[in-house]
Undergrad: 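First, the structure itself, so that you have it in front of you.
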Protein chains: 2
Amino acid sequence: MPADPLPPLHLSAPASTVDRIVEELRRALFAGEITAGTPLREQALTDAMGVSRSTVREALGVLVAEGLAVREPHRGVHVTSLEAEAVHDVVTTRVVLESAGVRAWADAEPEARARVRAALGAFVAAARAGDDPGRVTATHLALHRAIVALTGSSRLLGLADAVYAEIRLALAKVDRMRRDAPQQIANHEELVALLESGDTAATLAALRAHLEEAAESMLLALELDPDAD
Amino acid sequence: MPADPLPPLHLSAPASTVDRIVEELRRALFAGEITAGTPLREQALTDAMGVSRSTVREALGVLVAEGLAVREPHRGVHVTSLEAEAVHDVVTTRVVLESAGVRAWADAEPEARARVRAALGAFVAAARAGDDPGRVTATHLALHRAIVALTGSSRLLGLADAVYAEIRLALAKVDRMRRDAPQQIANHEELVALLESGDTAATLAALRAHLEEAAESMLLALELDPDAD
DNA sequence: CAGTGTCGGATTGTCCGACAATCTGACACG
DNA sequence: CGTGTCAGATTGTCGGACAATCCGACACTG
């Protein structure tokens with residue numbers, strides 16, 4: 001008998017230069033060192049980071065694919081900025097995508113449901129601990145993502161990710177200045193409780209209300225935002 | 001008199017080289033000229049298409065971002081297998097997006113509703129005339145697109161476009177070999193009639209049935225095993 | 001002065017050639 | 001039969017180059 005067939009192991013490849021550039025840009029974005037709307041010039045980044053323009057271009061492509069930046073032909077790449085109108089549009093989109101997840105709750109894989117519960121737990125823990133605000137935002141988004149994942153569709157999840165990427169920056173700002181963490185926790189706990197209850201209509205209503213309220217907070221955060229605190 | 005303030009016009013930028021490469025690769029993929037799992041070598045594509053390797057690399061990045069191909073570090077990019085599972089996934093996604101349009105019918109802008117009727121007319125005309133099969137597919141997709149547009153959300157429309165881009169060529173193949181044009185016309189006319197009737201539930205059911213049937217045709221056209229759950 | 005044509009610098013899109021790092025398969029070796 | 005080694009193929013990154021395009025300033029016209 002062969003001893004152990006070896007447990008499944010996986011080795012993460014050493015980060016490529018492109019990955020490191022993307023990572024650094026992401027960090028600067030979320031830290032607020034690069035504000036919304038700022039153009040990301042290829043030559044400037046090339047000089048600043050000591051890599052070739054080809055590599056910078058590829059990194060910018062990744063950022064654009066993630067929705068954190070936008071590319072306009074012959075005009076360059078600039079950091080995604082949310083207009084008020086866009087915020088409402090995002091709400092409409094999120095309502096559609098996440099409602100699909102809510103409707104799928106009953107027929108969803110048990111693991112998918114378990115992942116929603118786990119995501120809720122992680123979010124509550126992070127929000128209660130009041131750690132790293134970035135971590136709160138990440139777990140918050142992860143919860144909403146898990147709801148979309150209830151549909152079991154990788155494409156829907158991908159579409160949702162595109163939307164989340166767009167609002168991640170604004171949401172991070174909201175989470176950073178939000179004083180009502182307990183209220184947020186309660187809202188999400190209620191949402192999941194409604195899901196578990198099986199009352200789809202009520203859940204949908206609560207979801208829509210929650211998303212619209214979140215949009216309000218985002219608009220507020222975006223407006224009364226001179227710069228550093 | 002103060003002439004018209006000019007209606008909103010938009011000009012589509014001429015396709016970049018990268019776009020044309022991506023388009024050509026997509027075509028080859030759906031045409032079966034490149035089978036699933038085939039590695040896409042940069043040098044080979046460079047030679048075959050008469051463009052530089054940098055450009056090919058960027059195009060491959062787009063394909064990977066779209067999920068049509070996979071990149072493994074230092075090993076290259078290879079075509080993902082368009083499994084039957086993917087087709088079902090697309091149906092789920094389309095049902096969610098287009099159902100949102102159906103639900104929005106009552107509250108939609110009158111122009112948006114008018115555009116659905118116009119799209120239906122164009123599709124029926126093209127299908128009846130049996131013209132250019134490409135035109136049939138275009139008007140067909142335009143109709144479904146118009147339904148999503150009922151939501152009034154540019155983002156939802158953008159997400160739908162991403163999905164349509166992925167299936168456009170497969171759908172063209174279906175439209176080309178489909179002998180049941182009259183049936184197709186009837187289906188879509190019924191769908192819009194249900195919309196007009198205001199019976200949302202019935203419309204949603206018809207939509208789902210239509211999309212699932214379309215998926216069957218697509219699987220058939222792609223010669224895939226229709227069984228996957 | 002409003003509107004229009006023109007010019008130059010800045011920036012992107014694409015191309016080319018190069019090289020190190022890494023992967024793959026074959027082959028020799030114990 | 002398993003292991004070490006090596007050459008070729010392929011990718012990742014670099015640097016430089018040039019045309020196309022965009023942007024702002026400026027001169028011109030009526």
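Chain identifiers are assigned alphabetically (A, B, ...) following the order of the sequence lines, protein sequences preceding nucleic acid strands; residue numbering begins at 1 within each chain.
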Undergrad: Please encode protein proximity along nucleotides 19-26 of chain C as a string of B, S and -, counting only heavy-atom distances under 4.0 Å.
TA: ---SSS--
Undergrad: Check each residue of residues 20-28 of chain B for a non-hydrogen atom within less than 4.0 Å of any atom in DNA chain D, then write out the ones that pass by number, or none.
TA: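 Nucleic-acid contacts, sorted: none.
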Undergrad: By side chain to side chain contact (heavy atoms under 4.5 Å, CB included), which residues pair with Asp19(A), not counting sequence neighbours?
TA: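 Per chain and number, Asp19(A) pairs via side chain to side chain contact (heavy atoms under 4.5 Å, CB included) with Ala15(A), Ser16(A).
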Undergrad: What residues from residues 58-70 of chain A pass a heavy-atom cutoff of under 4.0 Å to DNA chain C?
TA: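 Correct list: empty, so none.
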Undergrad: Under 3.5 Å, sequence neighbours excluded: what are the donor-acceptor pairs made by side chains of residues 66-78 of chain A?
TA:
unit_1: Glu66(A); atom_1: OE1; unit_2: Arg26(A); atom_2: NH1; d: 2.8
unit_1: Glu66(A); atom_1: OE2; unit_2: Arg26(A); atom_2: NH1; d: 2.7

Undergrad: Pairing of DNA chain D as dot-bracket, 5' to 3': ( ) intra-strand, [ ] crossing, | other strand, . unpaired, with Watson-Crick or G-U pairs under 3.5 Å?
TA: ||||||||||||||||||||||||||||||
Undergrad: Taking only residues at least two apart or on different chains, which pairs with a member in residues 147-168 of chain B satisfy ring-ring contact (aromatic ring centres under 6.0 Å, His included)?
TA: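 Pairs touching residues 147-168 of chain B that pass the test: none.
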Undergrad: Could you list all the side chain to side chain donor-acceptor pair (under 3.5 Å) pairs where at least one residue sits in residues 33-46 of chain B, not counting sequence neighbours?
TA: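 Sorted pair list: Arg27(B)-Glu33(B), Thr35(B)-Thr38(B), Glu42(B)-Arg53(B), Glu42(B)-Arg57(B), Gln43(B)-Asp47(B).
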Undergrad: Report, one pair per line, the protein and nucleotides 4-6 of chain D atoms (nitrogen or oxygen only) whose separation is under 3.5 Å.
TA:
none

Undergrad: Sorted by first residue and then second, give each side chain to side chain donor-acceptor pair (under 3.5 Å) pair with at least one member in residues 109-126 of chain A; sequence neighbours left out.
TA: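 The answer is Arg117(A)-Glu196(A).
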Undergrad: So, using side chain to side chain contact (heavy atoms under 4.5 Å, CB included) as the criterion, who are the partners of Ala149(A) when residues are at least two apart?
TA: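 Ala149(A): side chain to side chain contact (heavy atoms under 4.5 Å, CB included) contacts with Leu157(A).
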Undergrad: Taking side chain to side chain contact (heavy atoms under 4.5 Å, CB included) as the test, write out the residues that go with Ala48(B), two or more places apart.
TA: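 Listed in chain order: nothing, the list is empty.
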